[in-house]
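Working notes for the structure below.
These figures come from a predicted structure and were not determined experimentally.
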Amino acid sequence: MENTPTDTNLNRKLFGDNFKWGVSVAALQIEGACDADGKGESIWDIFSSKKGKILNGDHPRDACDFYNQYKQDIDIIAQLHIPCFRFSISWTRVLPFGVGDVNQAGLDFYNRVIDYCISKGVEPWLTIYHWDLPQALEEKGGWTNREIVSWFENFVTICAQNFGDRVKHWMVMNEPGVFTGAGYFLGIHAPGRTGLKNFLPAIHHAVLCMAEGGRILRRLIPDAEIGTTFSCSHVEPHTGKPKDVAAAKRVDALLNRLFIEPVLGLGYPGDVKALKGISKYFQHGDEEAMKFDFDFIGVQNYTREIVRSSFFTPYVGASLVKAEKRNVELTDMKWEVYPPSIYHMLRQFDSYPQVKKIYITENGAAFPDTVEDAKVDDPKRIAYLKGYLQQVLRAKNEGVNVQGYFIWTLTDNFEWAEGYHPRFGLVYIDFETQQRIVKSSARWYSEFLKGG
Ligand code: GCO
(Lines give C-alpha, C1' and ligand atoms only; values in the text may rest on other atoms or scores of the structure.)
Protein backbone atom coordinates (compact mmCIF):
# COMPACT_ATOMS: atom_id res chain seq x y z
CA MET A 1 0.00 0.00 0.00
CA GLU A 2 1.38 3.36 -1.00
CA ASN A 3 2.87 5.44 1.79
CA THR A 4 2.58 2.60 4.28
CA PRO A 5 5.71 2.60 6.45
CA THR A 6 7.25 -0.80 6.92
CA ASP A 7 7.77 -2.56 10.23
CA THR A 8 11.45 -1.67 10.35
CA ASN A 9 11.25 2.07 9.86
CA LEU A 10 8.31 2.67 12.20
CA ASN A 11 9.51 5.00 14.92
CA ARG A 12 8.15 7.85 16.97
CA LYS A 13 10.09 10.55 15.12
CA LEU A 14 8.12 9.88 11.94
CA PHE A 15 4.99 11.20 13.69
CA GLY A 16 6.56 14.56 14.53
CA ASP A 17 7.73 16.13 17.77
CA ASN A 18 4.29 17.52 18.67
CA PHE A 19 2.46 14.21 18.32
CA LYS A 20 0.79 13.20 21.63
CA TRP A 21 1.33 9.69 22.97
CA GLY A 22 -0.66 8.13 25.77
CA VAL A 23 -2.69 5.38 27.34
CA SER A 24 -6.43 5.34 28.09
CA VAL A 25 -8.56 3.93 30.91
CA ALA A 26 -12.06 4.43 32.34
CA ALA A 27 -13.19 4.87 35.94
CA LEU A 28 -15.72 2.04 36.17
CA GLN A 29 -13.36 -0.42 34.54
CA ILE A 30 -10.37 0.12 36.85
CA GLU A 31 -11.23 1.95 40.09
CA GLY A 32 -13.11 -0.63 42.16
CA ALA A 33 -14.01 0.81 45.60
CA CYS A 34 -17.55 0.88 44.25
CA ASP A 35 -19.05 2.16 47.53
CA ALA A 36 -16.04 3.70 49.25
CA ASP A 37 -15.90 7.18 50.78
CA GLY A 38 -19.41 8.22 49.85
CA LYS A 39 -19.50 7.03 46.23
CA GLY A 40 -23.07 6.38 44.99
CA GLU A 41 -24.29 3.46 42.86
CA SER A 42 -23.87 3.62 39.08
CA ILE A 43 -25.99 1.76 36.55
CA TRP A 44 -23.05 -0.62 36.08
CA ASP A 45 -22.92 -1.47 39.79
CA ILE A 46 -26.62 -2.42 39.59
CA PHE A 47 -26.57 -4.07 36.11
CA SER A 48 -23.52 -6.20 37.04
CA SER A 49 -25.37 -7.55 40.07
CA LYS A 50 -28.12 -8.96 37.86
CA LYS A 51 -27.75 -12.67 37.11
CA GLY A 52 -26.52 -13.49 33.62
CA LYS A 53 -25.64 -9.95 32.55
CA ILE A 54 -21.85 -10.17 32.92
CA LEU A 55 -19.71 -13.08 31.72
CA ASN A 56 -18.67 -15.38 34.58
CA GLY A 57 -20.82 -13.28 36.96
CA ASP A 58 -17.97 -10.72 37.22
CA HIS A 59 -18.61 -7.40 38.98
CA PRO A 60 -16.66 -4.10 38.89
CA ARG A 61 -16.81 -3.71 42.70
CA ASP A 62 -13.02 -4.26 42.99
CA ALA A 63 -11.85 -4.02 39.34
CA CYS A 64 -8.08 -3.14 39.42
CA ASP A 65 -8.31 -1.32 42.77
CA PHE A 66 -7.05 1.83 41.04
CA TYR A 67 -8.82 3.84 43.74
CA ASN A 68 -6.22 2.61 46.23
CA GLN A 69 -3.35 1.76 43.88
CA TYR A 70 -3.40 4.82 41.58
CA LYS A 71 0.11 5.89 42.62
CA GLN A 72 1.57 2.51 41.63
CA ASP A 73 -0.16 2.62 38.24
CA ILE A 74 0.89 6.20 37.52
CA ASP A 75 4.44 5.23 38.55
CA ILE A 76 4.31 2.50 35.88
CA ILE A 77 3.15 5.06 33.28
CA ALA A 78 6.03 7.36 34.21
CA GLN A 79 8.60 4.54 34.23
CA LEU A 80 7.41 3.53 30.74
CA HIS A 81 7.90 7.15 29.61
CA ILE A 82 4.25 7.37 28.45
CA PRO A 83 3.62 11.14 28.34
CA CYS A 84 -0.19 11.30 28.63
CA PHE A 85 -2.77 9.48 30.75
CA ARG A 86 -6.43 9.56 29.72
CA PHE A 87 -8.83 8.64 32.50
CA SER A 88 -12.48 9.37 33.33
CA ILE A 89 -14.41 10.80 36.27
CA SER A 90 -16.92 8.57 38.06
CA TRP A 91 -20.10 10.68 38.19
CA THR A 92 -21.28 8.95 41.38
CA ARG A 93 -17.94 9.47 43.15
CA VAL A 94 -18.42 13.21 42.69
CA LEU A 95 -22.23 13.36 42.88
CA PRO A 96 -23.46 10.15 44.59
CA PHE A 97 -27.04 10.74 43.43
CA GLY A 98 -26.15 12.41 40.17
CA VAL A 99 -27.35 15.81 41.33
CA GLY A 100 -27.47 17.57 44.69
CA ASP A 101 -24.74 17.30 47.29
CA VAL A 102 -21.18 16.96 46.07
CA ASN A 103 -19.05 14.23 47.68
CA GLN A 104 -15.87 16.06 48.71
CA ALA A 105 -14.01 12.74 49.14
CA GLY A 106 -14.68 12.03 45.47
CA LEU A 107 -13.29 15.40 44.38
CA ASP A 108 -10.31 14.86 46.69
CA PHE A 109 -9.56 11.52 45.01
CA TYR A 110 -9.43 12.98 41.52
CA ASN A 111 -7.39 15.93 42.77
CA ARG A 112 -4.89 13.42 44.21
CA VAL A 113 -4.75 11.53 40.89
CA ILE A 114 -4.28 14.72 38.86
CA ASP A 115 -1.65 16.11 41.25
CA TYR A 116 0.24 12.81 41.29
CA CYS A 117 0.23 12.62 37.48
CA ILE A 118 1.67 16.13 37.29
CA SER A 119 4.26 15.36 40.01
CA LYS A 120 5.46 12.40 37.90
CA GLY A 121 5.56 14.40 34.66
CA VAL A 122 2.50 12.65 33.22
CA GLU A 123 -0.06 14.90 31.48
CA PRO A 124 -3.65 14.20 32.67
CA TRP A 125 -6.36 13.99 29.96
CA LEU A 126 -9.91 13.80 31.27
CA THR A 127 -13.04 12.08 29.93
CA ILE A 128 -16.07 13.39 31.79
CA TYR A 129 -18.59 10.67 30.94
CA HIS A 130 -17.50 7.09 30.35
CA TRP A 131 -20.84 5.25 30.74
CA ASP A 132 -21.22 5.08 34.54
CA LEU A 133 -24.51 6.97 34.91
CA PRO A 134 -25.76 7.40 38.49
CA GLN A 135 -28.47 4.82 39.25
CA ALA A 136 -30.49 7.56 40.94
CA LEU A 137 -30.73 9.35 37.57
CA GLU A 138 -31.54 6.13 35.71
CA GLU A 139 -34.49 5.74 38.07
CA LYS A 140 -35.70 9.10 36.73
CA GLY A 141 -35.40 7.86 33.13
CA GLY A 142 -31.66 8.27 32.67
CA TRP A 143 -30.69 9.17 29.11
CA THR A 144 -34.35 8.97 28.02
CA ASN A 145 -35.26 11.90 30.27
CA ARG A 146 -34.50 15.30 28.74
CA GLU A 147 -33.74 16.60 32.23
CA ILE A 148 -30.40 14.82 31.83
CA VAL A 149 -29.19 17.86 29.94
CA SER A 150 -29.38 19.94 33.12
CA TRP A 151 -28.06 17.07 35.29
CA PHE A 152 -25.09 16.70 32.91
CA GLU A 153 -24.48 20.47 32.77
CA ASN A 154 -24.15 20.47 36.56
CA PHE A 155 -21.70 17.53 36.52
CA VAL A 156 -19.53 19.10 33.79
CA THR A 157 -19.51 22.45 35.63
CA ILE A 158 -18.31 20.83 38.86
CA CYS A 159 -15.55 18.94 37.01
CA ALA A 160 -14.41 22.07 35.18
CA GLN A 161 -14.41 24.19 38.35
CA ASN A 162 -12.43 21.62 40.36
CA PHE A 163 -9.97 20.23 37.81
CA GLY A 164 -9.76 22.86 35.05
CA ASP A 165 -6.85 24.70 36.64
CA ARG A 166 -4.52 21.72 36.01
CA VAL A 167 -6.25 19.68 33.27
CA LYS A 168 -6.04 21.24 29.81
CA HIS A 169 -7.18 18.34 27.60
CA TRP A 170 -10.84 17.33 27.99
CA MET A 171 -13.20 14.83 26.34
CA VAL A 172 -16.87 15.42 27.13
CA MET A 173 -18.08 11.92 26.37
CA ASN A 174 -16.85 8.44 25.48
CA GLU A 175 -18.50 6.65 22.56
CA PRO A 176 -22.16 7.73 22.78
CA GLY A 177 -22.94 5.24 20.03
CA VAL A 178 -21.98 2.32 22.23
CA PHE A 179 -23.58 3.31 25.52
CA THR A 180 -26.87 4.29 23.82
CA GLY A 181 -26.90 1.35 21.37
CA ALA A 182 -25.86 -1.38 23.79
CA GLY A 183 -27.51 0.11 26.89
CA TYR A 184 -30.73 1.61 25.53
CA PHE A 185 -31.50 -0.42 22.38
CA LEU A 186 -29.98 -3.90 22.59
CA GLY A 187 -30.12 -4.14 26.38
CA ILE A 188 -26.74 -5.90 26.62
CA HIS A 189 -25.06 -3.07 28.54
CA ALA A 190 -26.27 -1.10 31.55
CA PRO A 191 -29.02 -0.12 32.19
CA GLY A 192 -30.39 -2.93 29.97
CA ARG A 193 -33.15 -0.98 28.22
CA THR A 194 -34.33 -2.00 24.75
CA GLY A 195 -36.20 -0.70 21.71
CA LEU A 196 -36.49 2.55 19.79
CA LYS A 197 -38.59 4.12 22.56
CA ASN A 198 -35.44 4.17 24.70
CA PHE A 199 -32.77 4.39 21.99
CA LEU A 200 -34.07 7.46 20.12
CA PRO A 201 -34.41 9.84 23.11
CA ALA A 202 -31.09 8.57 24.50
CA ILE A 203 -29.37 9.43 21.20
CA HIS A 204 -30.80 12.94 21.08
CA HIS A 205 -30.14 13.75 24.72
CA ALA A 206 -26.57 12.44 24.47
CA VAL A 207 -25.97 14.71 21.45
CA LEU A 208 -27.38 17.72 23.35
CA CYS A 209 -25.22 16.90 26.40
CA MET A 210 -22.08 16.47 24.30
CA ALA A 211 -22.47 19.92 22.74
CA GLU A 212 -23.56 21.61 25.97
CA GLY A 213 -20.64 20.02 27.81
CA GLY A 214 -18.30 21.48 25.21
CA ARG A 215 -19.77 24.96 25.67
CA ILE A 216 -19.43 24.79 29.46
CA LEU A 217 -15.81 23.65 29.31
CA ARG A 218 -14.89 26.34 26.80
CA ARG A 219 -16.50 29.02 28.97
CA LEU A 220 -14.93 27.84 32.24
CA ILE A 221 -11.48 26.73 30.94
CA PRO A 222 -10.61 29.10 28.06
CA ASP A 223 -7.06 27.69 27.71
CA ALA A 224 -8.15 24.06 27.42
CA GLU A 225 -8.52 21.97 24.25
CA ILE A 226 -11.91 20.33 24.21
CA GLY A 227 -12.97 17.24 22.36
CA THR A 228 -15.21 14.23 22.52
CA THR A 229 -14.74 10.63 21.41
CA PHE A 230 -16.50 8.34 18.96
CA SER A 231 -16.31 4.62 18.38
CA CYS A 232 -15.99 3.62 14.73
CA SER A 233 -15.33 0.65 12.50
CA HIS A 234 -14.52 0.59 8.81
CA VAL A 235 -17.59 -0.96 7.11
CA GLU A 236 -17.35 -2.91 3.83
CA PRO A 237 -20.13 -4.66 1.82
CA HIS A 238 -19.90 -8.46 1.64
CA THR A 239 -20.28 -8.27 -2.15
CA GLY A 240 -20.53 -5.54 -4.78
CA LYS A 241 -24.27 -6.20 -5.12
CA PRO A 242 -26.26 -2.97 -4.78
CA LYS A 243 -28.29 -4.40 -1.85
CA ASP A 244 -25.09 -5.23 0.09
CA VAL A 245 -23.56 -1.85 -0.75
CA ALA A 246 -26.74 -0.11 0.47
CA ALA A 247 -26.78 -2.24 3.63
CA ALA A 248 -23.15 -1.30 4.34
CA LYS A 249 -24.05 2.39 3.95
CA ARG A 250 -26.84 2.04 6.51
CA VAL A 251 -24.53 0.31 9.00
CA ASP A 252 -21.85 2.95 8.43
CA ALA A 253 -24.46 5.61 9.24
CA LEU A 254 -25.33 3.85 12.51
CA LEU A 255 -21.79 3.00 13.59
CA ASN A 256 -19.78 5.94 12.31
CA ARG A 257 -21.97 8.97 11.49
CA LEU A 258 -24.91 8.97 13.91
CA PHE A 259 -23.26 11.20 16.53
CA ILE A 260 -20.47 13.07 14.78
CA GLU A 261 -22.75 14.56 12.11
CA PRO A 262 -25.36 16.25 14.37
CA VAL A 263 -22.54 17.68 16.49
CA LEU A 264 -20.91 19.10 13.35
CA GLY A 265 -24.22 20.74 12.42
CA LEU A 266 -25.08 18.25 9.67
CA GLY A 267 -28.13 16.78 11.44
CA TYR A 268 -28.82 13.10 11.95
CA PRO A 269 -27.91 10.85 8.98
CA GLY A 270 -31.04 9.98 6.99
CA ASP A 271 -29.95 6.53 5.79
CA VAL A 272 -31.77 4.55 8.49
CA LYS A 273 -35.53 5.21 8.31
CA ALA A 274 -36.11 4.05 11.89
CA LEU A 275 -34.01 6.97 13.14
CA LYS A 276 -36.45 9.49 11.70
CA GLY A 277 -38.42 9.10 14.93
CA ILE A 278 -35.73 11.14 16.71
CA SER A 279 -37.49 14.32 15.54
CA LYS A 280 -40.22 13.53 18.09
CA TYR A 281 -37.76 14.43 20.87
CA PHE A 282 -36.72 17.78 19.41
CA GLN A 283 -37.57 20.99 21.18
CA HIS A 284 -37.30 24.51 19.79
CA GLY A 285 -33.67 25.49 19.23
CA ASP A 286 -32.27 21.95 19.33
CA GLU A 287 -30.75 22.19 15.84
CA GLU A 288 -28.43 24.89 17.19
CA ALA A 289 -28.03 23.30 20.65
CA MET A 290 -26.76 20.04 19.08
CA LYS A 291 -23.77 21.76 17.48
CA PHE A 292 -20.36 22.50 18.97
CA ASP A 293 -17.03 23.23 17.26
CA PHE A 294 -14.81 20.85 19.22
CA ASP A 295 -11.07 21.53 19.15
CA PHE A 296 -10.52 17.85 18.42
CA ILE A 297 -12.34 14.62 17.77
CA GLY A 298 -11.26 11.39 19.50
CA VAL A 299 -11.42 8.45 17.08
CA GLN A 300 -11.62 5.02 18.72
CA ASN A 301 -11.08 2.17 16.32
CA TYR A 302 -10.33 -1.53 16.76
CA THR A 303 -11.54 -3.44 13.73
CA ARG A 304 -13.67 -3.49 10.58
CA GLU A 305 -17.09 -4.98 9.84
CA ILE A 306 -18.28 -6.81 6.72
CA VAL A 307 -22.01 -6.31 6.07
CA ARG A 308 -24.59 -8.05 3.94
CA SER A 309 -28.19 -7.13 3.18
CA SER A 310 -30.59 -8.93 5.49
CA PHE A 311 -34.29 -8.57 4.79
CA PHE A 312 -35.26 -10.08 8.14
CA THR A 313 -33.12 -7.81 10.31
CA PRO A 314 -35.46 -5.09 11.59
CA TYR A 315 -34.77 -1.35 11.28
CA VAL A 316 -31.40 -1.63 9.50
CA GLY A 317 -31.97 -4.53 7.04
CA ALA A 318 -28.38 -5.59 7.36
CA SER A 319 -26.35 -8.19 9.20
CA LEU A 320 -22.67 -8.59 10.01
CA VAL A 321 -20.65 -11.35 8.38
CA LYS A 322 -18.95 -12.37 11.60
CA ALA A 323 -15.15 -12.22 11.62
CA GLU A 324 -14.92 -15.67 13.22
CA LYS A 325 -16.60 -17.07 10.10
CA ARG A 326 -14.24 -15.27 7.71
CA ASN A 327 -10.99 -17.13 8.38
CA VAL A 328 -9.15 -13.97 9.49
CA GLU A 329 -6.85 -13.17 12.42
CA LEU A 330 -8.94 -12.44 15.52
CA THR A 331 -8.41 -10.83 18.92
CA ASP A 332 -9.85 -12.40 22.08
CA MET A 333 -12.98 -10.29 21.50
CA LYS A 334 -13.46 -12.12 18.17
CA TRP A 335 -12.71 -8.81 16.40
CA GLU A 336 -10.77 -8.99 13.16
CA VAL A 337 -7.20 -7.69 13.26
CA TYR A 338 -7.41 -5.32 10.27
CA PRO A 339 -5.00 -2.36 10.50
CA PRO A 340 -6.29 -0.52 7.38
CA SER A 341 -9.54 0.02 9.33
CA ILE A 342 -7.92 2.83 11.34
CA TYR A 343 -6.60 4.41 8.12
CA HIS A 344 -10.07 4.41 6.55
CA MET A 345 -11.66 5.82 9.71
CA LEU A 346 -9.06 8.58 9.93
CA ARG A 347 -9.75 9.50 6.31
CA GLN A 348 -13.51 9.38 6.89
CA PHE A 349 -13.52 11.59 9.99
CA ASP A 350 -10.91 13.93 8.48
CA SER A 351 -13.13 14.39 5.42
CA TYR A 352 -15.54 16.60 7.40
CA PRO A 353 -14.29 20.21 6.96
CA GLN A 354 -15.58 21.00 10.46
CA VAL A 355 -13.18 18.49 12.07
CA LYS A 356 -10.17 20.54 13.16
CA LYS A 357 -7.93 17.84 14.62
CA ILE A 358 -8.06 14.13 15.41
CA TYR A 359 -6.51 12.12 18.21
CA ILE A 360 -6.73 8.36 18.26
CA THR A 361 -8.01 8.15 21.82
CA GLU A 362 -8.38 4.37 21.83
CA ASN A 363 -6.79 1.52 19.90
CA GLY A 364 -5.68 -1.82 21.28
CA ALA A 365 -6.41 -5.50 21.45
CA ALA A 366 -7.35 -8.28 23.83
CA PHE A 367 -5.34 -11.49 23.67
CA PRO A 368 -5.27 -14.50 26.05
CA ASP A 369 -2.14 -13.33 27.92
CA THR A 370 -0.57 -15.79 30.36
CA VAL A 371 2.11 -15.52 33.03
CA GLU A 372 5.22 -17.67 32.62
CA ASP A 373 8.16 -17.33 35.03
CA ALA A 374 6.57 -14.15 36.38
CA LYS A 375 6.61 -12.60 32.92
CA VAL A 376 3.94 -11.89 30.26
CA ASP A 377 5.09 -12.03 26.69
CA ASP A 378 2.46 -10.68 24.28
CA PRO A 379 3.94 -10.54 20.76
CA LYS A 380 0.49 -10.52 19.14
CA ARG A 381 -0.33 -7.22 20.86
CA ILE A 382 2.99 -5.73 19.74
CA ALA A 383 2.26 -6.81 16.17
CA TYR A 384 -1.28 -5.39 16.41
CA LEU A 385 -0.05 -2.01 17.69
CA LYS A 386 2.69 -1.78 15.06
CA GLY A 387 0.28 -2.65 12.27
CA TYR A 388 -2.27 -0.03 13.31
CA LEU A 389 0.40 2.61 13.95
CA GLN A 390 1.72 2.08 10.42
CA GLN A 391 -1.76 2.86 9.13
CA VAL A 392 -2.05 5.94 11.34
CA LEU A 393 1.25 7.14 9.87
CA ARG A 394 -0.01 6.33 6.36
CA ALA A 395 -3.02 8.60 6.95
CA LYS A 396 -0.85 11.32 8.50
CA ASN A 397 1.57 11.16 5.53
CA GLU A 398 -1.42 11.70 3.25
CA GLY A 399 -2.35 14.89 5.09
CA VAL A 400 -4.86 13.74 7.71
CA ASN A 401 -4.57 16.01 10.75
CA VAL A 402 -4.09 13.22 13.28
CA GLN A 403 -2.04 14.52 16.21
CA GLY A 404 -1.99 11.78 18.83
CA TYR A 405 -2.40 8.13 19.73
CA PHE A 406 -3.58 6.57 23.01
CA ILE A 407 -3.42 2.82 23.56
CA TRP A 408 -6.43 1.10 25.10
CA THR A 409 -5.42 0.26 27.82
CA LEU A 410 -3.01 0.52 30.75
CA THR A 411 -4.02 -2.53 32.81
CA ASP A 412 -6.26 -5.51 32.15
CA ASN A 413 -9.64 -4.44 33.53
CA PHE A 414 -13.44 -4.90 33.64
CA GLU A 415 -14.46 -5.15 29.99
CA TRP A 416 -18.17 -4.35 30.53
CA ALA A 417 -20.44 -7.32 29.74
CA GLU A 418 -17.39 -9.52 29.09
CA GLY A 419 -16.15 -8.97 32.64
CA TYR A 420 -12.46 -9.61 33.36
CA HIS A 421 -11.96 -12.28 30.70
CA PRO A 422 -10.64 -10.10 27.84
CA ARG A 423 -7.18 -8.77 28.66
CA PHE A 424 -6.51 -5.47 26.81
CA GLY A 425 -3.79 -4.17 29.12
CA LEU A 426 -0.17 -3.26 28.55
CA VAL A 427 0.06 -4.39 32.17
CA TYR A 428 -1.22 -7.77 33.34
CA ILE A 429 -3.41 -7.92 36.44
CA ASP A 430 -3.70 -10.97 38.67
CA PHE A 431 -7.23 -10.20 39.87
CA GLU A 432 -6.81 -12.54 42.86
CA THR A 433 -3.88 -10.59 44.26
CA GLN A 434 -4.09 -7.29 42.30
CA GLN A 435 -0.44 -7.85 41.40
CA ARG A 436 0.72 -5.91 38.31
CA ILE A 437 3.09 -7.47 35.70
CA VAL A 438 4.36 -5.20 32.91
CA LYS A 439 3.88 -7.07 29.61
CA SER A 440 6.42 -7.13 26.78
CA SER A 441 4.07 -4.87 24.77
CA ALA A 442 4.52 -2.17 27.44
CA ARG A 443 8.28 -2.46 27.12
CA TRP A 444 7.97 -2.26 23.34
CA TYR A 445 5.81 0.91 23.65
CA SER A 446 8.35 2.42 26.06
CA GLU A 447 11.24 1.72 23.67
CA PHE A 448 9.17 3.12 20.79
CA LEU A 449 8.50 6.29 22.79
CA LYS A 450 12.15 6.69 23.64
CA GLY A 451 12.61 6.89 19.88
CA GLY A 452 14.25 3.47 19.78
C1 GCO B 1 -15.06 1.25 24.35
C2 GCO B 1 -14.72 1.76 25.63
C3 GCO B 1 -13.70 0.96 26.38
C4 GCO B 1 -13.61 -0.52 26.03
C5 GCO B 1 -12.60 -0.75 24.91
C6 GCO B 1 -12.52 -2.22 24.55
O7 GCO B 1 -14.50 1.76 23.41
O8 GCO B 1 -15.92 0.39 24.30
O9 GCO B 1 -14.24 3.08 25.53
O10 GCO B 1 -14.23 1.14 27.66
O11 GCO B 1 -13.19 -1.24 27.16
O12 GCO B 1 -12.99 -0.07 23.77
O13 GCO B 1 -13.77 -2.68 24.14
Inset, instruction - Name all pairs fulfilling the side-chain hydrogen bond (donor to acceptor under 3.5 Å, both in side chains) condition that reach into residues 307-318, sequence neighbours left out, sorted by first residue then second. - result: His238-Arg308, Ser310-Thr313
Inset, instruction - Applying ring pair (Phe, Tyr, Trp, His ring centres under 6.0 Å), run through Phe109 and Tyr67 and close with a yes or a no. - result: CA-CA 8 Å; Phe109 168 64; Tyr67 185 75; 4.5 Å; yes
Inset, instruction - Report yes or no: is the cationic atom of Arg423 (NZ for Lys, CZ for Arg) closer than 6.0 Å to the six-membered ring centre of Tyr428, at no more than 45° off its axis? - result: yes
Legend entry - Pairwise distance OH(Tyr445) to OG(Ser441) - rounded to 0.5 angstrom: 11.0 Å
Legend entry - Chi angles and distances behind the side-chain contact (heavy atoms from CB on, under 4.5 Å) call for Phe259, Ile203: CA-CA 8 Å; Phe259 286 90; Ile203 292 170; 3.8 Å; yes
Legend entry - Mutual orientation of the aromatic rings belonging to Phe282 and His204 [parallel < 30°, tilted 30-60°, perpendicular > 60°]: parallel
Inset, instruction - Sequence neighbours left out, what passes ring-ring contact (aromatic ring centres under 6.0 Å, His included) with Trp151? Give chain and number order. - result: none
Inset, instruction - Decide yes or no for Phe15 and Gln403: does some side-chain heavy atom of the first lie under 4.5 Å from some side-chain heavy atom of the second? - result: no
Inset, instruction - Mind checking side chain to side chain donor-acceptor pair (under 3.5 Å) for Asp132 and listing every partner two or more places apart, or none if nothing turns up? - result: none
Inset, instruction - State, with a plain yes or no, whether a side-chain heavy atom of Val299 is found less than 4.5 Å away from one of Glu362. - result: no
Legend entry - Ile382 vs Ser440 side-chain heavy atoms within contact, under 4.5 Å: yes
Inset, instruction - Just do the side-chain contact (heavy atoms from CB on, under 4.5 Å) check on His59 and Ile54 with the steps written out, would you? - result: CA-CA 7 Å; His59 191 286; Ile54 312 296; over 6 Å; no
Inset, instruction - Could you verify whether a donor N or O on one side chain and an acceptor N or O on the other, from Thr144 and His205, lie under 3.5 Å apart? - result: no
Legend entry - Lys380: salt bridge (charged side-chain N to carboxylate O under 4.0 Å, His left out) partners, not counting sequence neighbours: none
Inset, instruction - Using distance alone, with no hydrogens and no angle criterion, decide if Asn154 and Thr157 have a side-chain donor and acceptor under 3.5 Å apart. - result: no
Inset, instruction - Indicate whether any N or O donor in one side chain lies under 3.5 Å from an N or O acceptor in the other, for Gln348 and Asp252. - result: yes
Inset, instruction - Go through the structure and list residues passing ring-ring contact (aromatic ring centres under 6.0 Å, His included) with His344, not counting sequence neighbours. - result: His234
Inset, instruction - Could you grab the distance from atom CG of Leu258 to atom SG of Cys232, nearest 0.5 Å is fine? - result: 13.5 Å
Legend entry - Between CG on residue Leu410 and SG on residue Cys64, distance to nearest 0.5 Å: 8.5 Å
Legend entry - Rounded distance [0.5 Å steps], OG1 in Thr92 versus CD1 in Ile89: 11.5 Å
Legend entry - Qualifying residues under side chain to side chain donor-acceptor pair (under 3.5 Å), relative to Glu324, sequence neighbours excluded: none
Legend entry - Stepwise side-chain hydrogen bond (donor to acceptor under 3.5 Å, both in side chains) test for Tyr352 and Glu261: CA-CA 9 Å; Tyr352 295 107; Glu261 292 192 0; 2.6 Å; yes
Inset, instruction - Report, as yes or no, whether the 6.0 Å neighbourhood of atom NZ on Lys243 holds more than 12 heavy atoms from other residues, nucleotides or ligands. - result: no
Inset, instruction - Specify whether Phe152 and Trp91 have parallel, tilted or perpendicular ring planes, treating 30° as the upper limit for parallel and 60° as the lower limit for perpendicular. - result: perpendicular
Inset, instruction - For the residue pair Tyr338 and Glu329, confirm or rule out a side-chain donor-acceptor distance under 3.5 Å. - result: no
Inset, instruction - Indicate yes or no for a side-chain donor-acceptor contact from Arg93 to the backbone of Gly40 under 3.5 Å, with no hydrogens or angles considered. - result: no
Legend entry - No-hydrogen, no-angle side-chain donor-acceptor test under 3.5 Å, Tyr388 and Asn301: no
Inset, instruction - Check the surroundings of atom NZ in Lys273: do more than 12 heavy atoms from other residues, nucleotides or ligands lie under 6.0 Å from it? - result: no
Legend entry - Those residues that, when tested against Arg250, pass side chain to side chain donor-acceptor pair (under 3.5 Å) (two or more places apart): none
Legend entry - Option among Ile30, Thr411, Asn413 that satisfies the side chain to side chain contact (heavy atoms under 4.5 Å, CB included) test with Ile429: Thr411
Inset, instruction - Compute the ring centroids of Phe85 and Phe87, then answer whether they are less than 6.0 Å apart. - result: yes
Inset, instruction - Validate the cation-pi geometry between Arg394 and Tyr343: distance from NZ or CZ to the six-membered ring centre under 6.0 Å, angle to the ring axis within 45°. - result: yes
Inset, instruction - Using a cut-off of 6.0 Å, state whether more than 12 heavy atoms not belonging to Phe19 lie near its atom CZ. - result: yes
Inset, instruction - Indicate yes or no: does Asp293 engage Arg218 in a salt bridge with an N to O separation below 4.0 Å. - result: yes
Report all side-chain donor-acceptor pairs from residues 174-181 shorter than 3.5 Å, counting only partners two or more places apart or in another chain.
from: Asn174; atom 1: OD1; to: Arg86; atom 2: NH2; distance (Å): 2.8
from: Asn174; atom 1: OD1; to: Thr229; atom 2: OG1; distance (Å): 3.3
from: Asn174; atom 1: OD1; to: Gln300; atom 2: NE2; distance (Å): 3.0
from: Asn174; atom 1: ND2; to: His130; atom 2: NE2; distance (Å): 3.0
from: Glu175; atom 1: OE2; to: Gln300; atom 2: NE2; distance (Å): 2.7
from: Thr180; atom 1: OG1; to: Pro176; atom 2: O; distance (Å): 2.6
from: Thr180; atom 1: OG1; to: Gly177; atom 2: O; distance (Å): 3.4

Legend entry - Crowding at NZ, Lys276 (>12 non-hydrogen neighbours, <6.0 Å): yes
Legend entry - salt bridge (charged side-chain N to carboxylate O under 4.0 Å, His left out) contacts in which one or both residues fall within residues 341-352, not counting sequence neighbours: Arg347-Glu398
Legend entry - Test log, rule side-chain hydrogen bond (donor to acceptor under 3.5 Å, both in side chains), inputs Tyr405 and Asn363: CA-CA 8 Å; Tyr405 177 87; Asn363 174 247; 2.6 Å; yes
Legend entry - Gap between atom CG of Leu126 and atom CD1 of Ile221 - 0.5 Å precision: 8.5 Å
Legend entry - SB check Lys140 Glu147 (cutoff 4.0 Å): no
Inset, instruction - List for me each residue that meets salt bridge (charged side-chain N to carboxylate O under 4.0 Å, His left out) alongside Lys439, sequence neighbours excluded, and say none if there are none. - result: Asp369, Asp412
Legend entry - Side-chain heavy atoms of Phe185 within contact of Thr194, under 4.5 Å: no
Inset, instruction - Assert yes or no for the condition that the ring centre distance of Phe431 to Tyr420 is strictly below 6.0 Å. - result: yes
Inset, instruction - Using ring-ring contact (aromatic ring centres under 6.0 Å, His included) as the criterion, list what pairs up with Trp125, not counting sequence neighbours. - result: His169, Tyr359, Phe406
Inset, instruction - Evaluate the criterion side-chain contact (heavy atoms from CB on, under 4.5 Å) for residue pair Phe155 and Ile216; output intermediate values, then yes/no. - result: CA-CA 10 Å; Phe155 176 41; Ile216 292 169; over 6 Å; no
Legend entry - Distance, nearest 0.5 Å, that separates OH of Tyr384 from CG of Asp378: 13.5 Å
Inset, instruction - Flag the pair Trp444 / Leu449 as yes when at least one side-chain heavy-atom distance between them is below 4.5 Å, and no otherwise. - result: no
Inset, instruction - Taking salt bridge (charged side-chain N to carboxylate O under 4.0 Å, His left out) as the test, write out the residues that go with Glu225, two or more places apart. - result: Lys357
